[in-house]
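Take a look at the structure set out below.
Keep in mind that the numbers below use all heavy atoms, side chains included, and drop hydrogens, waters and symmetry copies. All of these numbers come straight from a predicted model, not from anything done at the bench.
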Amino acid sequence: MMRNNQTLLLDFDSTIVQVESLDLLSEITLFGGLESKKKILEVKELTNLGMNGVITFQESLQKRLDMIQASKKDVELLSNKLINLITPSFSENSDWIIKNSDKVHIFSGGFKEAIIPVARIFNIPEERVHANEFIYSKDDKIEGVDTINPFSRSGGKVERIKELGLSGEIIMVGDGSTDAEVKILGNEFKFIAFIENVRRDPVLEKADFVAKTFEDVINFI
């Protein structure tokens, strides 16, 4: 069990689930179109550039959304698919997460609509899901993201931690450069690089600990 002074912050894409949500959304919206394979690969490359810190998160996000051109119905389909793509070690340790869910938050550059159904499986309430939010047009097409939301840009996870006033030992688990940013807040913040789904060497260099599975995270705690 987690101690009372500990808080666990979990990334979502390539951490709780095995994939990057927008990569999967691109496969949903671009499949079968002209040059679909090329466009899907371009989206995935933009994801990697952002996760490795080569370009800013907001640049990566906006360019991907411009290419994907998705609708609310596409996002609903994405959400249904993600429920079946939970990372194996998270599924295997779901009882532990549920027992400690009052000390767990999800911090993600992904989107609340897609994350919340998965969070419910682990008894993590909607108010502890911190993520981006889509802006839709009148005909339910994605126009963009809420840019007031700090998760829409690099440094957003650090901003939200400050807003929440979290104290004690804070442990961030994720695979990307935006997850590693929590280390600038001080020694009480620990960053665990999670590599069960993807290994990003520039991110590993910033980690206090490397977890091959969620079992490693539990042992660290």
Side-chain angles (χ1 to χ4, degrees), residues 10-87 106-121 124 126 129-157 159-160 174-179 181 194 197-198 200 202-203:
L10 298 175
D11 179 40
F12 185 74
D13 293 338
S14 296
T15 301
I16 296 177
V17 293
Q18 300 172 63
V19 297
E20 292 290 325
S21 296
L22 287 188
D23 289 358
L24 183 55
L25 187 59
S26 74
E27 293 176 10
I28 292 169
T29 63
L30 298 173
F31 179 78
L34 293 173
E35 299 186 319
S36 61
K37 289 184 179 179
K38 178 183 177 183
K39 289 181 179 178
I40 291 168
L41 287 174
E42 287 176 3
V43 169
K44 291 181 178 181
E45 178 60 19
L46 286 166
T47 297
N48 286 326
L49 290 174
M51 291 298 100
N52 285 317
V54 177
I55 61 176
T56 64
F57 177 77
Q58 55 267 39
E59 182 180 355
S60 169
L61 177 60
Q62 191 57 58
K63 285 184 175 179
R64 285 180 289 165
L65 288 177
D66 288 344
M67 293 182 66
I68 292 169
Q69 295 290 302
S71 68
K72 184 171 286 189
K73 184 175 289 188
D74 295 324
V75 175
E76 290 171 359
L77 181 56
L78 168 68
S79 180
N80 291 333
K81 286 180 175 291
L82 288 173
I83 288 174
N84 296 312
L85 290 170
I86 294 172
T87 299
I106 294 176
F107 269 47
S108 175
F111 291 86
K112 280 187 177 182
E113 288 171 76
I115 296 170
I116 288 170
V118 175
R120 290 194 186 111
I121 294 171
I124 300 171
E126 184 174 340
V129 174
H130 311 275
N132 277 304
E133 296 175 83
F134 288 121
I135 295 174
Y136 292 99
S137 65
K138 291 180 180 179
D139 58 352
D140 286 340
K141 301 292 185 183
I142 295 174
E143 288 188 330
V145 298
D146 178 4
T147 55
I148 295 175
N149 187 324
F151 287 86
S152 66
R153 53 188 175 271
S154 299
K157 295 184 179 183
E159 285 186 50
R160 181 53 54 87
D175 66 288
S177 61
T178 59
D179 303 310
E181 290 173 346
F194 188 77
N197 297 307
V198 62
R200 308 184 197 279
V203 176

Measuring from [X]:[atom1] to [Y]:[atom2], what's the distance to the nearest 0.5 Å?
X      : Y      : atom1 : atom2 : answer
Ile55  : Leu49  : CD1   : CG    : 5.0 Å
Thr15  : Asp175 : OG1   : CG    : 4.5 Å
Glu143 : Gln69  : CD    : CD    : 10.5 Å
Ile16  : Ile124 : CD1   : CD1   : 5.5 Å
Leu41  : Ser26  : CG    : OG    : 9.0 Å
Lys157 : His130 : NZ    : NE2   : 11.5 Å

Ile83: side chain to side chain contact (heavy atoms under 4.5 Å, CB included) partners, not counting sequence neighbours: Pro117, Val118, Ile121

Steps toward side chain to side chain donor-acceptor pair (under 3.5 Å) verdict (Thr47, Arg64): CA-CA 8 Å; Thr47 297; Arg64 285 180 289 165; 3.0 Å; yes

Worked check of side-chain contact (heavy atoms from CB on, under 4.5 Å) between Leu24 and Val17: CA-CA 11 Å; Leu24 183 55; Val17 293; over 6 Å; no

[X] versus [Y], closest heavy-atom pair with distance:
X      : Y      : result
Gln18  : Ile86  : NE2-O, 3.2 Å
Gly110 : Ile115 : C-CD1, 4.1 Å
Val129 : Ala119 : CG2-CB, 3.7 Å
Ser60  : Gly50  : CB-CA, 4.0 Å
Arg200 : Ser14  : NH2-OG, 4.3 Å
Pro150 : Glu159 : CB-OE1, 3.6 Å

Do [X] and [Y] touch side chain to side chain, with heavy atoms closer than 4.5 Å?
X      : Y      : answer
Ile142 : Val75  : yes
Arg153 : Thr56  : no
Met51  : Val198 : no
Leu22  : Leu78  : no
Phe194 : Leu10  : no
Ser152 : Gln58  : no
Val145 : Phe111 : yes
Leu30  : Lys38  : no

Lys/Arg cation over aromatic Tyr136: Lys72, 6.0 Å, 45° cone: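 Yes, a cation-pi geometry.
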
side-chain contact (heavy atoms from CB on, under 4.5 Å) between Val19 and Lys81, worked out: CA-CA 10 Å; Val19 297; Lys81 286 180 175 291; over 6 Å; no

CD1 (Ile135) with more than 12 external heavy atoms under 6.0 Å: yes

Ion pair Lys44/Glu27, N-O distance below 4.0 Å: yes

Sub-6.0 Å ring centroid separation between Phe57 and Phe151: no

Full working for side-chain contact (heavy atoms from CB on, under 4.5 Å) between Asp74 and Ile68: CA-CA 10 Å; Asp74 295 324; Ile68 292 169; over 6 Å; no

Check against side-chain contact (heavy atoms from CB on, under 4.5 Å), Asp179 and Val203: CA-CA 9 Å; Asp179 303 310; Val203 176; over 6 Å; no

Any donor-acceptor N/O pair, Asn132 side chain to Asp146 backbone, under 3.5 Å: no

Asp13 side-chain N/O to Glu20 backbone N/O, donor-acceptor pair under 3.5 Å: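 Checking the backbone N and O of Glu20 against the side chain of Asp13, no donor-acceptor pair under 3.5 Å is found.
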
Working for side chain to side chain donor-acceptor pair (under 3.5 Å), residues Asn80 and Glu76: CA-CA 6 Å; Asn80 291 333; Glu76 290 171 359; over 6 Å; no

